[in-house]
Amino acid sequence: METCVDFFSWLDYDMLMRILMCLEDPSDLVRVSSVSRSWREFVIANGLCKQLCLRMFPSLHIVDRIIEPNSCVKSSSEVGCSKSVEWETLEREHRVYAFLARGCTLFALRGCIADAISASSTDNYPEESIRNTLEPRDRVSRRASYWSSKGQSNPAVAETLTYKLVADICVITEISVRPFQAFFQLGSPIYSAKSVRFRMGHPKAAVDDPMGEPSDNCADDNFIWTYTSPEFAMVQENRLQKFELPEPVLCIGGILQVELLGRVQRQDMDGLFYICVSHVQVIGRPLSPAFSVDIIEPSGKFALKALSYTQPSLPENGSRPLPDELLEGRVRDLEQIVNLLRGQGVVVEYDWNEEDELDEGMAL
């Protein structure tokens with residue numbers, strides 16, 4: 001033990017920073033800070049956990065301050081000197097950002113949409129409301145369940161669907177969209193978009209309830225977008241199409257918008273182009289109730305609040321609330337069998353009651 005040397009004391013500051021900044025797992029930084037007092041002081045003093053979080057999620061640059069559970073502001077006279085206040089701030093940031101980095105990678109994956117806020121247009125409201133896209137099935141109580149845009153003669157006209165997420169701070173990994181197949185029209189056309197793009201952001205000002213009844217043409221006036229994804233091509237197929245983001249995105253503010261770019265299907269009845277969506281699914285890691293954010297007006301920056309250092313558990317009534325795609329496939333297969341037995345070549349409405357659509361033994 002007499003020959004043991006702390007290599008921190010042998011390397012200069014720049015070399016140590018280059019080495020430690022190569023760490024990508026937040027757990028490694030926590031382990032480094034647990035080796036000795038000098039290592040811990042180096043990690044905290046240089047804000048390495050915060051720097052790691054900023055590398056992982058650039059949107060954290062809009063965080064203006066950190067708040068801990070039951071924390072209070074102390075004056076320099078209470079703690080002795082300004083250096084003590086500064087060290088307290090650094091320690092607080094270390095704890096919060098270390099737990100945030102852990103939560104962004106280890107909290108449970110689940111569906112992240114809480115409710116629908118608005119659509120850029122709706123053809124027949126409320127029968128074709130955006131709220132129908134929250135339902136995984138494309139028909140409920142023998143009626144079609146989907147959102148439809150208004151018709152356009154120009155196929156290049158885009159549409160948007162805007163949603164409130166389950167938490168005001170979420171890590172989003174993938175988004176899926178299922179175009180609607182109009183089984184009640186000749187030929188069962190599919191009203192997909194040519195491509196999709198996704199935006200995430202926050203309200204321009206703090207509001208008590210940004211949801212309520214979905215409306216048209218309000219999203220861009222009320223929200224600030226801090227992330228825009230690449231454009232993804234859609235296929236004209238009646239299935240849930242998954243779009244995996246290049247990297248997980250930290251959505252601060254809890255608002256997500258789906259941009260539907262271009263139209264491919266013209267309706268025979270009026271000769272206009274429409275986009276119809278039966279379901280939108282967002283998968284990610286909600287960081288609530290461990291974290292929340294408050295908008296700081298008028299700067300538009302945020303206060304990041306660590307409410308608890310306990311990892312959230314999944315709801316008791318469901319281990320992982322993601323749609324069961326296998327079950328959806330079985331229902332569609334059963335529908336096709338029914339149609340074949342009836343001698344019908346295309347998908348049509350059938351006379352099952354809603355209670356009979358799923359066998360009790362197969363229910364979620």
Side-chain angles (χ1 to χ4, degrees), residues 111-153 157-166 175-185 188-193 196 198-199 203 207-223 234 238 240-241 254-261 263 265-282 321 323 328 331 335 347-358 364:
C112 288
I113 293 182
D115 205 351
I117 297 177
S118 69
S120 51
S121 74
T122 302
D123 191 33
N124 296 299
Y125 186 85
E127 291 81 4
E128 298 173 336
S129 165
I130 179 180
R131 193 155 279 165
N132 293 335
T133 64
L134 305 178
E135 167 60 53
R137 295 172 294 176
D138 61 359
R139 64 190 76 182
V140 177
S141 299
R142 296 180 292 169
R143 296 188 60 181
S145 175
Y146 64 99
W147 162 83
S148 174
S149 71
K150 290 187 179 297
Q152 297 285 344
S153 57
V157 175
E159 299 283 351
T160 60
L161 302 175
T162 307
Y163 299 91
K164 171 66 177 174
L165 302 182
V166 294
I175 303 168
S176 300
V177 180
R178 181 181 176 184
F180 178 67
Q181 182 171 20
F183 54 85
F184 46 79
Q185 293 182 357
S188 299
I190 300 173
Y191 290 91
S192 68
V196 293
F198 309 106
R199 299 198 287 183
V207 291
D208 294 331
D209 182 10
M211 295 186 290
E213 191 66 19
S215 58
D216 287 352
N217 299 316
C218 76
D220 288 332
D221 294 334
N222 295 337
F223 304 105
M234 289 196 74
N238 177 25
L240 195 62
Q241 300 179 34
I255 304 297
L256 180 138
Q257 185 178 88
V258 179
E259 294 185 274
L260 302 159
L261 308 173
R263 303 160 187 248
Q265 184 63 51
R266 190 195 302 267
Q267 182 175 254
D268 289 340
M269 185 182 302
D270 57 12
L272 299 178
F273 290 91
Y274 291 81
I275 301 176
C276 300
V277 172
S278 63
H279 186 46
V280 173
Q281 173 184 292
V282 177
E328 291 184 26
V331 172
E335 173 187 339
V347 180
V348 296
E349 236 179 330
Y350 45 86
D351 294 330
W352 292 351
N353 293 322
E354 182 180 8
E355 296 81 5
D356 299 329
E357 286 186 0
L358 300 179
L364 291 173

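Every value quoted in this text rests on a predicted model; they were computed, and no experiment measured them.
Listed here is the closest heavy atom pair of Leu240 and Ser176: CG-CB, 3.6 Å. Minimum interatomic distance between Asp138 and Asn238 (heavy atoms only, all atoms of both residues): OD2-ND2, 4.3 Å. In terms of heavy atoms, Ala182 sits closest to Tyr191 at CB-CE1, 3.8 Å. Considering every non-hydrogen atom in both Pro126 and Asn132, the closest pair reads O-ND2, 4.3 Å. Considering all non-hydrogen atoms of both residues, Leu134 and Ala116 come closest at CD1-N, 4.0 Å.
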Inset, instruction - Take Met234 and Val177 through the test side-chain contact (heavy atoms from CB on, under 4.5 Å) and record every step on the way to the result. - result: CA-CA 9 Å; Met234 289 196 74; Val177 180; 4.2 Å; yes
Inset, instruction - List the steps and the verdict of side-chain contact (heavy atoms from CB on, under 4.5 Å) for Phe180 and Ile275. - result: CA-CA 8 Å; Phe180 178 67; Ile275 301 176; over 6 Å; no
Inset, instruction - Give the C-alpha distance, both sets of side-chain angles, the deciding distance and a yes or no for side-chain contact (heavy atoms from CB on, under 4.5 Å) between Val282 and Phe198. - result: CA-CA 11 Å; Val282 177; Phe198 309 106; over 6 Å; no
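No side-chain heavy atom of Asn222 sits less than 4.5 Å from a side-chain heavy atom of Thr162. The closest side-chain heavy-atom distance from Glu135 to Val140 is below 4.5 Å. A 4.5 Å side-chain heavy-atom check between Phe273 and Val157 finds every atom pair outside the cut-off. Looking at heavy atoms from C-beta onward, Ile255 lies in side-chain contact with Lys164 at the 4.5 angstrom threshold. In this structure, Leu272 and Lys150 have side chains that are not in contact, with every pair of non-hydrogen atoms separated by 4.5 Å or more. Looking only at side-chain heavy atoms (C-beta outward), Leu260 and Leu161 come within less than 4.5 Å of each other. Looking only at side-chain heavy atoms (C-beta outward), Val277 and Pro179 stay at 4.5 Å or farther from each other. With a 4.5 Å cut-off on side-chain heavy atoms, Val280 and Ile113 count as touching.
For the 3.5 Å distance criterion, the side chains of Gln267 and Asp270 qualify, holding a donor opposite an acceptor.
Judged by a 6.0 Å distance limit and a 45° cone about the ring axis, Arg139 is positioned over the six-membered ring of Phe183.
Under the side chain to side chain donor-acceptor pair (under 3.5 Å) test applied with Glu128, the options Trp147, Tyr274, Tyr146 reduce to a single match, Tyr146.
His279 places a side-chain N or O within 3.5 Å of a backbone atom of Thr133 that can act as its donor or acceptor partner. The main-chain N or O of Val258 is never found under 3.5 Å from a side-chain atom of Thr160 such that the two would form a donor-acceptor pair. Side-chain atoms of Gln181 come within 3.5 Å of backbone N or O of Ser188 as a donor-acceptor pair. Side-chain atoms of Ser278 come within 3.5 Å of backbone atoms of Arg178 as a donor-acceptor pair (strictly under, hydrogens ignored). The backbone N or O of Ser129 sits nowhere less than 3.5 Å from a side-chain atom of Thr122 that would complete a donor-acceptor pair.
Checked for salt-bridge contact, Glu159 and Arg263 meet the test: a charged N lies under 4.0 Å from a carboxylate O.
A distance of 10.0 Å separates OH in Tyr125 from CD1 in Ile130, rounded to the nearest 0.5 Å. Taking CD of Glu127 as the reference point, atom OG of Ser148 lies at 11.5 Å (rounded to 0.5 Å).
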